[in-house]
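Structure record follows, encoded as structure tokens.
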Amino acid sequence: MLRVACQTTQFISRSLMTTGTSHSKGQLPDMKEVRDRLRAIVGASTNWSDHVQAMEERKSLQSLLVNKQEDLPPRKIKDSYIEVMLPLGSQPQIREKYLNVYNNVRFGRILEDLDSLGVLICYTHTKSDSRQTSPLSIVTALVDKIDLRKHLIYPDCDIKLTGHVSWVGKTSMEVKMHMLQLHDGAFSPVLDATFVMVARDPENKRPAFVNPLIPDGPEEENLFKQGELNKMRRVAFSTASLLKTAPTADERQVVHDMFLNTLDQRTVSFRSRVLPSNSVWMEDTKLKGLEICHPQERNIFNRIFGGFLMRKAYELGWATACSFGGSRPYVVAVDDIMFQRPVEIGSLLFLSAQVCYTESKYIQVRVHSEVSDPITREHHTTNIFHFTFMSDKEVCHIVPQTYGESMLYLDGKRHFDAAIKSRNGQNGSL
């Protein structure tokens with residue numbers, strides 16, 4: 001199934017030229033053109049004061065929305081297919097933005113680019129030939145999963161990003177994206193990503209219908225069926241959340257065994273706890289960060305760019321895994337990033353990361369983000385991020401002390417098992 005998803009060459013090779021972006025003949029657009037195109041689609045401005053006015057003018061687009069999905073023309077998967085180049089090799093001047101201290105590409109920057117590309121892919125799916133400006137406000141609802149095929153992304157080789165809509169509901173769209181890097185004259189796969197986007201009205205207040213998707217041929221039908229399965233999997237995972245239901249019998253046994261393993265055998269007390277060898281209390285793995293949400297990090301809808309939030313959460317998660325493991329960690333999977341509410345300009349963004357599960361060389365990190373209004377002092381959760389890292393060496397065991405930490409441990413184990421299962425399934429299909 002994943003092999004089918006990666007064979008994008010079987011679709012019509014479309015570039016941003018099909019959506020009205022101008023660039024040199026035979027040359028793929030870059031990420032600057034992607035973001036310029038997004039601003040043009042929604043009528044946004046690069047100037048802060050003009051941008052606010054442009055968002056006000058979008059209210060007049062309400063009349064362009066349809067009352068039912070059947071009023072919109074259906075699309076095929078190939079209609080939304082896009083290829084974008086990140087010319088790190090052929091244009092050295094853009095490398096600086098992407099470099100990390102190890103002279104590799106910063107994964108946080110790639111998260112930003114994937115977020116922008118995913119939105120443009122959805123706008124390509126829903127575009128109208130009669131107008132350039134779209135009445136839809138398309139935003140990222142969920143990063144379902146990102147599977148890394150390589151540990152390192154080189155800073156001196158061109159990168160190609162491809163993607164297309166793979167499944168459509170009434171107001172939501174699943175987007176599959178792939179990243180490849182040029183080596184020895186050929187592009188080889190680096191990562192596969194699945195995002196879920198939602199369409200809302202011009203003021204970003206209510207859901208809005210999107211064009212239905214009609215699979216064309218067995219390969220597109222398989223992709224669409226996989227999208228349905230992904231939706232069912234997400235619903236099942238949410239239904240079984242430890243915030244809603246009790247742990248399974250096996251999970252309860254795991255928690256109880258860890259608890260017994262920490263009791264001081266010299267006393268007959270449940271309160272006397274001893275840390276086992278080669279272990280770390282979960283409470284001692286926390287790192288925290290704070291960001292002031294300035295206008296420079298806004299998206300095309302005058303709120304903080306989701307890619308920026310992912311980059312900041314990832315970098316804090318990486319630092320947490322690095323300080324815990326004592327060596328450079330490599331991200332192997334990202335999954336289940338739910339965007340629960342938008343982050344407004346001027347908010348204070350609090351990030352809290354901690355290791356919640358470990359196994360062999362793997363480190364599962366959970367990052368919680370919340371915003372605070374400095375005037376009202378109200379706090380609201382915006383995102384929960386889940387990152388799976390791999391260290392160069394075996395890492396210590398994580399031991400929870402409280403029931404709440406035990407639930408974080410089990411939740412981390414669930415995300416780790418899902419990520420590794422997906423990764424093993426991917427490798428088995430290559």
Side-chain angles (χ1 to χ4, degrees), residues 1-2 142-147 194 226 229-265 268-286 317 320-321 324-325 329 331-338 353-368 384-391 394-429:
M1 185 65 242
L2 283 165
L142 170 73
V143 178
D144 187 24
K145 60 180 177 180
I146 302 175
D147 292 317
T194 303
Q226 184 62 48
L229 293 175
N230 289 341
K231 179 183 177 182
M232 295 170 59
R233 170 179 51 80
R234 289 191 291 267
V235 170
F237 200 86
S238 175
T239 302
S241 168
L242 292 168
L243 292 172
K244 301 176 182 178
T245 61
T248 65
D250 288 342
E251 289 175 331
R252 291 195 296 270
Q253 188 64 51
V254 168
V255 170
H256 191 66
D257 288 346
M258 286 192 297
F259 173 72
L260 293 178
N261 198 36
T262 63
L263 292 181
D264 190 344
Q265 301 299 320
V268 186
S269 171
F270 289 126
R271 293 187 177 184
S272 182
R273 309 285 293 278
V274 176
L275 184 66
S277 61
N278 194 35
S279 301
V280 177
W281 294 120
M282 183 182 291
E283 174 68 22
D284 296 333
T285 68
K286 288 183 178 180
T320 303
F324 173 81
V331 61
V332 296
V334 181
D335 81 301
D336 196 28
I337 300 177
M338 179 74 74
Q354 69 181 128
V355 178
C356 55
Y357 180 77
T358 59
E359 184 174 314
S360 184
K361 296 182 179 181
Y362 291 101
I363 305 170
Q364 188 70 31
V365 178
R366 178 183 189 270
V367 181
H368 175 269
I384 304 294
F385 303 85
H386 302 277
F387 301 106
T388 306
F389 294 96
M390 187 172 71
S391 180
E394 296 273 338
V395 296
C396 296
H397 300 292
I398 284 294
V399 181
Q401 287 181 283
T402 66
Y403 187 80
E405 286 183 349
S406 296
M407 295 304 100
L408 288 178
Y409 180 92
L410 294 178
D411 186 61
K413 186 178 187 305
R414 288 182 178 184
H415 283 282
F416 171 77
D417 290 342
I420 296 305
K421 184 184 299 183
S422 172
R423 183 176 174 83
N424 290 341
Q426 167 189 290
N427 290 339
S429 67

Can you label the angle between the F385 ring and the F387 ring as parallel, tilted or perpendicular, going by 30° and 60°?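 Ring orientation, 0 to 90° scale: parallel.
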Which atom names give the shortest non-hydrogen contact between [X] and [Y], and what distance separates them?
X: S279; Y: L275; value: O-CD2, 3.3 Å
X: L263; Y: R273; value: CD2-CD, 4.1 Å
X: L408; Y: C356; value: O-CB, 3.7 Å

Can you measure from [atom1] ([X]) to [atom2] ([Y]) and round to the nearest 0.5 angstrom?
X: T285; Y: R366; atom1: OG1; atom2: CZ; answer: 11.5 Å
X: M258; Y: E405; atom1: CE; atom2: CD; answer: 10.0 Å
X: R233; Y: N230; atom1: CZ; atom2: CG; answer: 4.5 Å
X: I420; Y: D147; atom1: CD1; atom2: CG; answer: 9.0 Å
X: T239; Y: M232; atom1: OG1; atom2: CE; answer: 11.0 Å
X: S277; Y: H397; atom1: OG; atom2: NE2; answer: 8.0 Å

Under the side chain to side chain contact (heavy atoms under 4.5 Å, CB included) test, residues paired with [X] that sit two or more places apart:
X: M338; value: L142, Q340
X: D284; value: V280, W281
X: E359; value: Y357, F416

Is there side-chain contact between V399 and P276, with heavy atoms separated by less than 4.5 Å? yes
T358 and Q364: side-chain donor and acceptor closer than 3.5 Å?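 No, because no side-chain N or O of T358 sits under 3.5 Å from a partner of the opposite role on Q364.
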With sequence neighbours left out, what residues match H415 under side chain to side chain donor-acceptor pair (under 3.5 Å)? D335, H386
Tell me, please, which residues at least two apart from K413 pass salt bridge (charged side-chain N to carboxylate O under 4.0 Å, His left out).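 Only D417 meet the salt bridge (charged side-chain N to carboxylate O under 4.0 Å, His left out) criterion with K413.
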Salt bridge (charged side-chain N to carboxylate O under 4.0 Å, His left out): pairs with one or both residues in residues 240-257, sequence neighbours excluded: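 Pairs touching residues 240-257 that pass the test: E251-R414.
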